[in-house]
Amino acid sequence: MRKSTMTTEIRTADKTSIRVRFAPSPTGTLHIGGARTAYFNWLFARQNQGKVILRIDDTDISRSSEASYRQILDSFAWLGLDFDESPEVGGAYGPYRQSQRTEIYQAYLRKLQEEGLTYPCFCTPEELQKERETAQKEGRAPRYSGRCRHLAPEEAARRIEAGERAVFRLKTDVHGETTVHDLIRGDVTFQNEEIDDFIIWKADGTPTYHFASCVDDVEMRITHIIRAEEHLSNTPRHIQLFQAFHAEIPVFAHVPMILAPDRSKLSKRHGATSVEEYREAGILPEALVNYLLLLGFSPGENREIVSREEAIECFRLERVAKHAAVYDVKKLEWLNQYYFRTRSVDQLLYEMWPGLLEKAWVSTEESREKLAWLRTLLQFLQQKSRQEADVWNMLECYFRPPVSYDDKGVKKHFQHSETAQRLRQLADLLATLPVFAAWPLEQLYRQTSEQIGCKAADLIHPTRLALTGITVGPGLFDVMTLLGRKECHNRLLEAANFIEKSN
RNA sequence: GGCCCCAUGGUCAAGCGGUUAAGACACCGCCCUUUCACGGCGGUAACGCGGGUUCGAGUCCCGCUGGGGUCACCA
């Protein structure tokens with residue numbers, strides 16, 4: 001266990017190396033807002049050959065869970081964001097879970113006590129609550145009165161001795177002002193009289209978030225704090241803490257929040273908010289990460305498609321937007337569609353393989369012919385899809401005949417009085433082709449339509465419906481080639497029967 | 001309510017004193033076509049309001065309005 005806790009003087013030694021951190025609390029899934037903040041941290045560090053640290057803020061043990069922690073790790077792994085130091089990979093400044101750092105916090109508290117920068121407060125939560133309410137009613141700021149600050153030290157000591165519950169508050173400066181140097185927003189100044197003596201140590205003997213976070217940022221030599229905008233108002237408190245620790249104050253960057261389409265805070269009722277949900281919905285990590293970058297940052301040159309590697313090059317913290325951004329799923333889906341079609345078929349095949357096995361559409365010892373066929377099939381389907389689910393939807397008919405025909409399709413393509421007869425005719429003609437391939441098939445269809453005196457489309461659409469049961473898919477002649485002569489023949493006849501039966 | 005941040009089309013977002021105010025998504029046409037997509041072409045659509053400063057303001061300043069954040073023994 002680390003014992004040397006007051007290490008501020010060492011900081012100057014490795015001043016040049018940038019260290020940033022992402023510090024989620026493991027109380028749920030990874031939120032897309034958090035994912036974006038983490039991504040910006042990651043980009044900034046990678047661009048500057050710095051280090052990204054994953055720290056787990058689990059001081060609230062009752063709300064934290066191991067499952068949530070695993071989930072967050074999973075999400076990051078999926079997104080392709082790695083950490084240089086974390087509970088998993090370790091590092092020189094561990095442990096990286098706040099729940100395992102109590103001794104360090106205690107040491108910092110003790111130091112503050114010795115320097116007289118903190119004092120015990122015996123006010124009960126009820127009293128404070130009442131005070132806040134009356135202040136609110138009278139139009140005053142709901143701040144702590146500072147009552148216990150002036151308690152005689154002897155009395156304070158006596159009451160603690162007597163076992164009275166106490167919290168510890170920081171003695172903040174009453175006069176002057178505190179300026180936050182923010183890379184995104186510039187200098188933001190707060191009057192110190194606005195900051196009350198906030199609690200740094202809870203009555204249950206654990207540190208508050210503000211305290212633990214600042215201690216860790218000092219201990220872990222964090223140089224840049226890149227976090228969500230909601231912390232901007234808390235920053236003067238943190239600065240006062242850093243000053244109380246005689247520590248160097250990190251550089252800040254408060255990234256804007258992500259809003260729901262109604263401009264309110266993004267929540268569950270607006271649909272998917274976690275990385276995990278998007279993953280399950282078939283969104284690709286490349287697409288999500290790309291979209292998150294675009295939300296609040298412009299790579300310039302009218303670029304929309306930006307990989308992680310490209311983002312490392314062009315990202316500039318100073319150019320991150322100051323205003324909150326509304327989340328637009330449509331653009332995410334557009335990006336996803338792009339990435340989905342651009343990636344390799346073999347990767348798609350690999351990812352779909354377990355599902356294919358499960359459906360028994362393939363076996364572990366598949367012939368090379370079947371594999372080649374499957375690969376070609378996926379290649380065609382991929383180009384008609386926006387995501388994997390679309391491929392699955394179109395896939396079934398290549399492994400078994402359609403059990404039903406699309407309703408709208410039936411109304412549109414199976415109504416003509418001669419359809420059944422035409423399908424039978426086509427079924428017979430298939431046997432005449434020397435090679436069952438796309439080009440000769442197309443010739444056959446065009447010639448036949450001419451002979452019949454109808455449009456080629458009048459043959460093509462019913463055939464597609466007959467063969468696949470649906471009205472969408474790759475070009476018909478590719479579909480037929482993939483299906484094979486015999487299967488096409490059978491399905492055309494089955495469809496003809498179906499039409500005659502239902503008339 | 002105090003304090004803080006923010007404000008260009010429906011959404012993201014260029015612009016950083018002089019532009020016909022980019023581009024992308026979405027939407028609407030048209031083209032391509034064998035369906036759905038993709039692709040191509042075109043279109044609708046924005047500087048919240050009011051004062052200044054300036055020869056000139058989306059760009060600078062002030063006010064207002066609106067939105068957001070924060071003021072917890074949550075993080």
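Small disclaimer: the values here were computed from a predicted structure and weren't measured. Throughout, protein chains are lettered first and strands after them, A, B, ... in sequence-line order, and every chain is numbered starting at 1.
In this structure, B/C47 makes no Watson-Crick or G-U wobble pair, since no nucleotide meets both defining distances under 3.5 angstrom. B/C30 is paired with B/G40 under the Watson-Crick or G-U wobble criterion, all donor-acceptor distances under 3.5 Å. Nucleotide B/A7 forms a Watson-Crick or G-U wobble pair with B/U65, both donor-acceptor distances falling under 3.5 Å. Of all nucleotides present, only B/C71 satisfies the Watson-Crick or G-U wobble test against B/G1, with each distance under 3.5 Å.
Residue contacts for A/R319: at a heavy-atom cut-off of 4.0 Å it reaches the sugar-phosphate backbone alone, with no base atom in range. In this structure, A/L476 reaches the bases: a heavy-atom distance under 4.0 Å links it to at least one base atom across the strands shown. Nucleic acid contact class of A/A321 (heavy atoms, under 4.0 Å, all strands): sugar-phosphate only. Residue A/D57 is classed as a sugar-phosphate contact, given heavy-atom separations below 4.0 Å to backbone atoms only. Residue A/K455 is out of contact with every strand shown, counting any heavy-atom pair closer than 4.0 Å. Across all strands shown, A/S298 has heavy atoms under 4.0 Å from sugar-phosphate atoms exclusively, and none from any base. Across all strands, A/P24 comes closer than 4.0 Å to no nucleic acid atom at all (heavy-atom distances). Using a 4.0 Å heavy-atom distance criterion, A/F477 is classed as a base contact. When heavy atoms are screened at a 4.0 angstrom cut-off, A/S233 is found touching base atoms of the nucleic acid. Within the 4.0 angstrom heavy-atom criterion, base atoms lie near A/R464.
Using atom P as the reference point in both B/G15 and B/C31, the two lie 38 Å apart (nearest Å). Comparing B/C12 with B/U20, their C1' atoms are spaced 24 Å from each other, to the whole Å. Taking atom P in both B/C73 and B/U11, the straight-line distance is 38 Å, to the nearest Å. Here the separation of B/G58 from B/C49, taken at their C1' atoms, is 14 Å to the nearest Å. B/U33 and B/G68 are spaced 48 Å apart, taking the C1' atom of each and rounding to whole Å. The gap from the C1' atom of B/A46 to that of B/G52 amounts to 24 Å, rounded to the nearest Å. Nucleotides B/C64 and B/C27 place their P atoms 41 Å apart, quoted to the nearest Å.
Separation of the A/H231 and A/Y209 ring centroids falls under the 6.0 Å cut-off.
Contact annotation: side chain of A/K322 to base of B/C5, donor-acceptor pair absent below 3.5 Å.
Listed pair A/H231 / B/C5 fails the phosphate criterion, with no side-chain N or O lying under 4.0 Å from OP1 or OP2. For the OP1/OP2 pair of B/U35 and a distance below 4.0 Å, the side-chain nitrogens and oxygens of A/K408 include no atom meeting the criterion. In terms of phosphate contacts, A/R132 brings a side-chain nitrogen or oxygen within less than 4.0 Å of OP1 or OP2 of B/A72. One finds a side-chain N or O of A/R446 lying less than 4.0 angstrom from the OP1 or OP2 phosphate oxygen of B/U34. Between A/T59 and B/A75 there is a side-chain N or O to OP1 or OP2 distance below 4.0 Å.
Cation-pi contact between A/R55 and A/F22: absent, since separation from the ring centre below 6.0 Å together with deviation from the ring axis within 45° is not met. A cation-pi contact links A/R237 to A/F198, judged by a cut-off of 6.0 Å to the six-membered ring centre and 45° from its axis. Cation-pi geometry between A/R159 and A/F122 is satisfied (NZ or CZ under 6.0 Å from the ring centre, within 45° of the ring normal).
Comparing atom distances between the A/K202 side chain and each of B/C74, B/C73, B/C12 picks out B/C74 as nearest. Side-chain atoms of A/R341 lie closest to B/C38 of the nucleotides B/C38, B/G69, B/C4. Listed nucleotides: B/G69, B/G23, B/A26. Nearest to the side chain of A/K331: B/G23. Of all nucleotides listed (B/C5, B/U70, B/U35), B/C5 comes nearest to the side chain of A/E229. Each of B/C71, B/G69, B/G23 was ranked by its minimum atom distance to the side chain of A/R237; first place goes to B/C71.
Ring geometry for A/F245 versus A/Y108: interplanar angle over 60°, hence perpendicular rather than tilted (30 to 60°).
The distance from the CG atom of A/L430 to the CE atom of A/M480 is 5.0 Å, given to the nearest 0.5 Å.
Here the C1' atom of nucleotide B/C71 and the CG atom of A/L232 are 13 Å apart, to the nearest Å.
Residues from residues 164-181 of chain A that place a heavy atom under 4.0 Å from any atom of RNA chain B, listed by number: A/V167.
Along RNA chain B, the nucleotide closest to A/H210 and the one closest to A/R386 are compared, and the more 5′ of them pairs with A/R386.
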